[in-house]
Structure formats: structure tokens, C-alpha cells
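Both ligands and their constituent atoms are indexed starting at 1 by order of listing.
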Amino acid sequence: MAVVAVEHRHGVAVLWMQRAPVNALGADLRAELSLALSRANDDPTVLGVVFASALSAFSAGADIKEFGKPPTSPTLRDLIEQMDASAKPLVAAVGGIALGGGFEIALACDARVVTPAANLGLPEVKIGLLPGAGGTQRLPRLIEPAKALAFIATGSPVAGEVAVPDGLADRLADPDCLIDAAVNEVKQFASHPRRKLAMAKTNADSRSAFEQAATTLLKRQPDEPQIEAIVDCVRATYDQTFEDGMKLEREHFTRLMADNRSKSLRYAFFAERSVGQLPATTMAQAETVKSVGIIGGGTMGSGIAMAFASAGIPVVLIETDPDAAQRAVDRIAANYTHSVNRGSISEEMRARNVGMIAPAVDYRELGNVDLVIEAAFEEMEIKREIFGKLVASTKPTAILATNTSYLSVDDIAAASGASGRVIGMHFFSPANIMKLVEVVRGAETSADAVATVLKAARGLGKVPVVVGNCHGFVGNRILARRSEQVDRLLLEGATPEQVDLALTKFGSKLGPCAMGDLAGLDISWRMRRATGRSAPVADALVEAGRLGQKSRKGYYLYGEDGRTPSVDPEALALIESVSRSRGIERRVIPQEEIIDRMILPMINEGARILEEGIADSAKDIDVIWLHGYGFPRWRGGPMFYGQTRGLFDVVARLKALAEATGDVSMRPTSLLESLAASGEAFS
Ligand code: T1G
């Protein structure tokens with residue numbers, strides 16, 4: 001037995017699961033648990049069985065790496081049916097996370113003994129599924145179905161100390177006596193028959209509470225097949241037998257598993273864990289960042305300072321003068337106060353975090369920091385001037401990072417005199433919240449610098465993705481292609497509302513016009529001016545003083561609160577006048593064309609980025625768009641969406657659109673053409 005160790009303790013067989021790293025219930029673990037359970041039942045000296053873990057996790061559930069492959073016996077269901085058939089009592093001893101099938105194993109036991117640090121959850125909904133090993137049938141028979149519905153539909157775990165009063169677990173034990181407590185629990189059952197699943201509650205109050213919860217849930221999350229399936233299965237615990245309910249659960253599970261939505265969510269789960277990985281030998285060279293210096297206390301600099309301070313890393317925050325530096329710290333302190341008021345951090349934590357940030361003006365204050373992050377104004381000359389001073393002010397091992405969102409890291413590095421230490425760390429606003437960091441590798445950036453920055457970003461709980469140096473790197477470069485199409489669509493006849501509706505129908509929370517108004521139309525306008533590019537409609541709006549929410553009008557008109565958008569006839573008239581001035585006869589553009597002209601050029605640009613080696617893989621691009629730009633997670637990312645739709649169809653549609661609109665930028669790249677022709681996917 002490699003992944004299960006059996007210990008006999010006071011006549012009870014303790015099955016210690018030990019399948020690194022999280023006891024995912026893969027074929028080997030299932031087989032060994034089944035064998036051990038069978039042996040325990042055959043052994044007359046054994047009173048009962050305890051399921052325990054030798055790892056910090058109890059079990060992370062089914063091995064999602066096995067999904068989509070032919071099932072191997074015993075399946076998780078086979079194992080749980082074997083548990084149901086056990087003549088001897090079974091108790092789960094949970095000292096860590098017990099998620100999905102891991103919690104379903106515990107639910108199939110007669111009792112659950114947990115430590116305060118245990119974490120019980122059914123997160124299948126987050127990967128487009130529902131519990132598929134009896135969770136939808138056992139939990140509603142253990143606690144109120146309305147509560148079980150909420151628990152399964154949110155997928156959020158509960159800690160052991162909450163699970164006991166909530167009825168999900170039976171007993172709380174200290175970690176060092178968890179197993180003995182579980183062994184004693186087994187002995188309680190030895191003298192009377194095992195607890196069989198009671199029929200569901202049948203009283204009217206319970207049912208009406210459930211139906212009310214179901215109605216609210218379906219209204220809040222419409223058109224989500226996994227939510228509908230969960231409601232259907234939990235409702236079955238009122239009307240159907242356990243066996244029939246299990247059949248219904250299995251049908252829903254099998255259907256959802258094959259659905260592209262779940263495939264995309266599972267892809268996203270693994271993609272975000274696999275990005276930013278360098279060879280172990282390189283990662284071994286990573287230094288630990290114990291203190292940082294941040295140049296610039298504006299929105300980005302303050303957000304980055306908060307990200308480090310919240311992780312317990314001291315920050316020297318440099319501004320141009322003492323008042324500006326103090327104002328930046330005061331703004332940060334106010335942000336932390338909001339967090340305290342929201343209950344997300346304690347007052348002590350607020351005080352600790354604010355105390356981590358030292359305002360300064362003199363670059364010599366950077367003498368001991370391990371990492372400097374420049375977050376000054378997006379002007380190349382300003383950045384070059386700053387990097388010209390950093391080498392003299394910092395220790396020779398300090399890494400010098402720029403937070404630029406699109407300027408050349410190589411040009412900035414050239415001003416430093418130490419290009420090997422210069423790297424890009426492109427955070428996304430608000431930097432203390434958004435997980436994505438584009439780690440921009442300059443031509444001369446050292447491997448140690450990349451490894452150290454990846455380690456530091458992970459330490460902040462960020463999702464770092466390594467990208468190459470080019471205008472806009474990966475995320476903003478792809479965003480630029482979509483923005484160009486938005487402007488063309490508006491010129492040719494679409495309205496801001498139609499464009500935004502198309503993208504929200506595609507699954508994004510916010511359309512590009514509303515997003516532009518939120519961010520400020522003048523920001524991208526300045527960027528276009530700096531790089532000699534134009535966007536006729538967006539330029540005209542800015543030049544007419546329509547900057548977005550900040551000026552109460554942009555693509556839309558904003559009410560008193562400055563945030564509620566409404567269609568503005570003046571904006572539509574302005575857009576129509578721009579079309580007329582360019583001799584464009586406006587037309588009604590079908591929603592499907594609007595969606596394709598925004599999304600397919602993103603896939604095309606992603607393919608160009610792969611051809612140029614700016615991104616190492618399609619999943620890097622997808623993770624950037626999932627975590628930096630709100631691409632709908634249930635589509636996996638732009639590249640995975642293209643793959644799911646079919647690259648042959650993507651290429652054909654791009655060709656047709658290029659032909660119909662005369663826009664040569666729509667022509668598919670050679671990589672897309674070759675993948676479509678060969679039927680291969682992005683590697
Ligand atoms: N299957 C396979 N591998 C898994 C896994 C899983 N369920 N969970 C984690 N891993 C791997 C992960 O890929 C990484 O691998 C390593 O473990 C550490 O993970 C029938 C159908 C458990 C909270 O949804 O939420 O049961 O990169 O980096 O931050 O009803 O992983 O090292 O090679 O995330 O400490 C339901 C998913 C499955 C839990 C740990 N279970 N996992 O977080 O480490 S469906 C889940 C997580 C199911 C049943 C249904 C987290 C974690 P590598 P990590 P972490």
C-alpha cells in the first residue's frame with residue numbers, strides 16, 4: 001500500500017491517506033482505501049474504521065486531472081457504495097481541508113470528528129459541476145435542505161468550529177487528540193447499528209423554505225446549468241428515495257462533466273496554477289524579498305504598497321516631496337480603515353499594515369531594500385530619469401522593477417546601467433486587489449531576477465505570468481486590438497449600448513464602452529497620442545470633453561451619483577457626425593458580428609504573440625485575460641474559447657470578416673491558419 005497506511009488502534013482500523021500533495025482521490029488512493037476497508041470488514045478483531053490523513057489536507061476531492069478520461073474502478077461512487085455496505089461503523093477524522101469528494105467520503109461515514117482548522121466544502125460548482133458522489137443527497141438529510149442548497153451552490157467551505165454547530169460534523173477535537181476522539185466515536189457505534197440516512201424532512205415549513213431559497217438562487221444566477229442541477233437534486237431529497245436521488249445526481253453530473261462550461265472552468269483552475277513556473281533549478285536561485293521601495297504614491301504606487309504591507313513586507317514609499325509622500329500614506333491608511341469598517345481586517349491589522357509603510361523623499365532611503373518598484377507617471381523620460389538614479393541608491397543585488405503598463409522595459413533598463421537587474425512588474429488596478437502581475441522579461445533581465453520577482457508576487461497571493469517585452473506586453477496589446485474593433489463598430493453603425501450588450505451577453509460583466517467610461521477615456525487617448533495612433537470615435541468624445549464618469553459623460557451620460565449610465569442622444573449624435581465626416585454610411589450590425597469582431601481579433605493577436613514568443617503558451621494568455629480583464633471564466637479565456645469553438649471556424653470567420661469589412665488586420669495569422677488546417681490545438 002503506497003498511499004494508504006493502516007494502523008490498528010484499540011481495535012479500530014485507522015486508514016491514513018497519504019497521497020501527496022492533497023490526497024486527491026485518484027485511482028490508486030481509491031483502490032487502496034477500498035482494499036483496506038474490505039480487509040477491515042473481514043477482520044473479526046476490528047470494531048470499525050477511521051478515515052484519517054497523514055497530510056495537512058484531509059482530501060481535496062476527486063482527482064480533477066482524471067476528468068475526461070475513462071473512469072477506472074473502483075470509482076469514487078463504488079468506494080462510497082462500499083462504505084454504505086460496510087457492516088462496521090465508519091468515522092472521519094478531519095484535521096484539514098475536506099473538499100468535494102473528500103467531504104463526500106466524510107459524509108458517507110457515520111460520524112465526523114473535526115479540528116477547528118478543518119475546512120469542509122463542496123466547491124464543485126466552481127468548476128461547473130455539482131457534487132457527484134452523493135453530496136446532494138446526504139447533506140440535505142443531515143441539515144436543512146435550504147441550508148444544504150446554499151452550501152452547495154456557493155461552494156464556500158466552513159471551518160470545523162462552525163461545522164459542528166451547523167450539523168455538518170459531530171464533534172470538535174484538538175489536533176493532537178483527533179484520532180483518539182475518532183476511535184472513541186467508532187466505539188460509540190459498536191454497541192448499536194450504524195446511523196442510516198433518514199428520509200428528508202417532510203414538513204411543510206422545510207419545503208417552503210427550500211422552494212423560496214431555490215427561487216431566489218435561480219433568479220440571482222440565471223442560465224447556470226450547474227445551479228439548476230443542484231436545485232433539482234436537493235429538491236429530490238423531498239420527493240424521491242435516496243437511490244433515485246443518487247441516480248438523478250449521476251445523470252446531472254455526467255451531463256455537466258461533458259459540458260464546455262465545466263471543461264473551461266477546469267482548464268482555468270489548472271492554468272492559473274501552472275503559469276509563472278520556471279525550472280526548479282532557476283527557482284532555487286530566487287532571493288527572498290524582505291523589504292521593498294516604491295517610487296510614486298499615486299493610485300498604482302499606493303495599491304502596490306498595500307499589497308506588500310498586507311503581506312507583512314516593509315515598504316519605503318518615495319514621493320517628490322514630504323507632503324506628497326505623507327498624503328499617499330494617509331490615503332493608504334484611509335483605505336485600510338474602509339477594510340476595517342467592512343470587517344475584512346481587524347484594527348490591529350490595519351495599524352500593523354500602515355506601520356509597514358514609511359514615507360520618504362530621499363532615494364538613499366532605498367539603500368537596504370531588495371526590490372524597487374517604480375510606479376511613476378507613464379512617460380518614458382520620467383522613468384528613464386528615475387532608473388538613472390536607482391543604481392547609485394540601492395544595493396547591488398536589489399532588483400529594479402517598473403510598473404509600466406505598456407512602455408518598453410528595455411528602453412527603461414538602458415537608462416539604469418544595470419539591465420540585468422531591471423524587470424517589468426505590471427500590476428493591475430486596484431493593485432492591492434487584482435491578482436494578475438505581468439512579469440516582463442527584458443532582453444537582459446537575469447533569470448535570478450525573474451525567479452525572485454515570481455516568488456515575491458506569489459508571496460503576495462498574486463498570479464504572476466512571465467511575458468516578453470513589446471508594446472502593451474500581452475494583456476494591453478490584445479486589449480488594443482479589441483478597442484480598435486469597438487471604434488470601427490461604432491463608426492459603422494453600432495451604438496455604445498449595442499456593443500456593451502453584445503459583450504455582456506458573451507459573458508463579461510462590463511462592456512468596453514462602460515469600462516472606458518469607468519477608467520477614463522482620456523487615459524487611452526493620451527496613450528494613442530503618445531504612439532501616433534487614433535480612434536476616431538473615442539478621440540472625438542475626449543476632444544468634446546466627454547471623459548467618462550469623471551466628467552459625468554462619455555459614451556454614456558451619468559446621473560447625480562456619477563456612476564449610473566444612461567443612453568445620451570448627444571453622444572450618439574457625435575458618433576453619427578464622425579461617421580458622416582468620414583463618408584461612412586451607418587448600418588445596423590447584428591449582435592453576432594459585434595461579438596465576433598471583438599473576440600476573434602483577440603485570439604488572432606494572441607496567436608501573433610505566441611508566434612513572436614512574447615508569451616510562452618496559450619494558457620498564459622488566457623490567465624492574463626481571466627485575472628486582468630474579466631474574461632468570462634466559464635469560457636476559459638480567449639484562446640481556450642477559440643479552441644472550444646474550433647480554430648477552423650475561427651479562421652474561416654476571420655477571413656469572412658476581413659473580406660466583408662476590408663479590415664486586413666482581421667486576416668488570420670499563419671499560426672492560426674496552420675493549426676486550423678492540421679486540426680491541432682494550441683500546445
Ligand atoms: N485534483 C487534482 N489535483 C489537485 C486537486 C484536485 N482536486 N486540488 C489541488 N490539486 C493540486 C494542484 O493542481 C497543485 O498541483 C497542488 O494540488 C496544490 O494545489 C466527485 C467531482 C485543495 C484548496 O475543487 O481548491 O471532488 O501544481 O496549488 O493553494 O463530487 O488546490 O503542485 O502539481 O491549489 O494550498 C473538488 C480544488 C474536486 C478542490 C489547495 N475539489 N483544489 O490549495 O495549493 S471535484 C476541488 C483547491 C469533486 C466529487 C467532485 C486547492 C486546495 P501542482 P494548490 P493550495
Ion pair Asp78/Arg30, N-O distance below 4.0 Å:
no

In ligand 1, the atoms that come under 4.0 Å of a heavy atom of Phe253 are 21 (C)

Answer side chain, backbone, both or neither: which part of Phe103 comes under 4.0 Å from ligand 1, heavy atoms only.
neither

Atom 7 (N) of ligand 1 protein-contacted, heavy-atom criterion under 4.0 angstrom
yes

The single option from Glu124, Gln226, Glu251 passing side-chain contact (heavy atoms from CB on, under 4.5 Å) against Leu256:
Gln226

Top protein contact for atom 32 (O) of ligand 1, by heavy-atom distance:
Pro21 CG, 4.7 Å

Could you tell me whether Leu76 approaches ligand 1 through its side chain, its backbone, both or neither, with non-hydrogen atoms closer than 4.0 Å?
side chain

Would you indicate which of Arg458, Arg273, Lys65, Glu249 comes nearest to atom 15 (O) of ligand 1 when only heavy atoms are counted?
Lys65

Just let me know how Ala62 lines up against ligand 1, side chain, backbone, both or neither, with a heavy-atom cut-off below 4.0 Å.
both

Could you tell me, atom by atom, which parts of ligand 1 come under 4.0 Å of a heavy atom of Pro131?
30 (O)

Any idea which atoms of ligand 1 are less than 4.0 Å away from a heavy-atom of Glu124?
26 (O), 30 (O), 45 (S), 48 (C), 49 (C), 50 (C)

Please tell me if atom 34 (O) of ligand 1 is touched by the protein, where touching means a protein heavy-atom distance below 4.0 Å.
yes

Which of the atoms in ligand 1, numbered in the order shown and given with their element, are less than 4.0 Å from a heavy-atom of Phe67?
21 (C), 45 (S)

Could Glu249 and Arg77 be called an ion pair, given the rule that one side-chain N must be under 4.0 Å from one carboxylate O?
yes

Is the Tyr629 ring parallel, tilted or perpendicular to the Trp625 ring (thresholds 30°, 60°)?
parallel

Atom 13 (O) of ligand 1: closest protein heavy atom, distance to 0.1 Å, is Phe270 CE2, 3.4 Å

Atom CZ of Arg171 with >12 non-hydrogen neighbours under 6.0 angstrom:
no

Please list, in number order, the atoms of ligand 1 under 4.0 Å from a heavy atom of Gly101.
26 (O), 48 (C), 49 (C)

Is it the case that atom CD in Gln221 sees more than 12 heavy atoms from other parts of the structure closer than 6.0 Å?
yes

Indicate whether atom 55 (P) of ligand 1 is within a distance of less than 4.0 angstrom of some protein heavy atom.
no

Looking at Gln18, I'd like to know if its CD atom is crowded, meaning that more than 12 non-hydrogen atoms belonging to other residues, nucleotides or ligands lie closer than 6.0 Å.
yes

Where on Asp63 is there a heavy atom closer than 4.0 Å to ligand 1, on the side chain, on the backbone, on both, or on neither?
both

Between the side chains of Thr644 and Lys263, does any donor sit under 3.5 Å from an acceptor?
no

Using heavy atoms and a threshold below 4.0 Å, how should the contact between Glu104 and ligand 1 be classified: side chain, backbone, both, or neither?
side chain

Does the ring center of Phe640 lie less than 6.0 Å from the ring center of Phe682?
no

Note: Ile97, heavy atoms under 4.0 Å from ligand 1, region reported as side chain

Sub-6.0 Å ring centroid separation between Phe631 and Phe506
yes

Got the closest protein heavy atom to atom 24 (O) of ligand 1, with its distance?
Pro123 CG, 3.6 Å

Nearest neighbour of atom 41 (N) of ligand 1 from the list Gly102, Ser56, Ala57, Ala60, on a heavy-atom basis
Ala60

Expected output: side-chain Thr452 to main-chain Ala449 donor-acceptor under 3.5 Å
no

Heavy-atom contacts with Gly61 under 4.0 Å: which atoms of ligand 1 show up? List them by number with element.
26 (O)

In terms of residue, atom name and distance, what is the protein heavy atom nearest to atom 10 (N) of ligand 1?
Val22 CG2, 3.9 Å

Honestly, is Arg235 close enough over Tyr238, meaning NZ or CZ under 6.0 Å from the six-membered ring centre and within 45° of the axis?
no

Heavy atoms of the protein only: does one fall short of 4.0 Å from atom 17 (O) of ligand 1?
yes

Are Asn403 and His426 close enough that a side-chain donor and a side-chain acceptor fall under 3.5 Å?
no

Find all atoms of ligand 1 within a distance of less than 4.0 Å from any non-hydrogen atom belonging to Ala24, and give their numbers and elements.
1 (N), 2 (C)

Could you go step by step and tell me if Val437 and Val465 meet the side-chain contact (heavy atoms from CB on, under 4.5 Å) rule?
CA-CA 6 Å; Val437 179; Val465 184; over 6 Å; no

Could any protein non-hydrogen atom be found less than 4.0 Å from atom 30 (O) of ligand 1?
yes

Look at atom 42 (N) of ligand 1 and say which protein heavy atom is nearest, naming residue and atom and giving the distance to 0.1 Å.
Phe269 CZ, 3.4 Å

Heavy-atom nearest neighbour in the protein, as seen from atom 1 (N) of ligand 1, with distance rounded to 0.1 Å:
Ile64 N, 3.0 Å

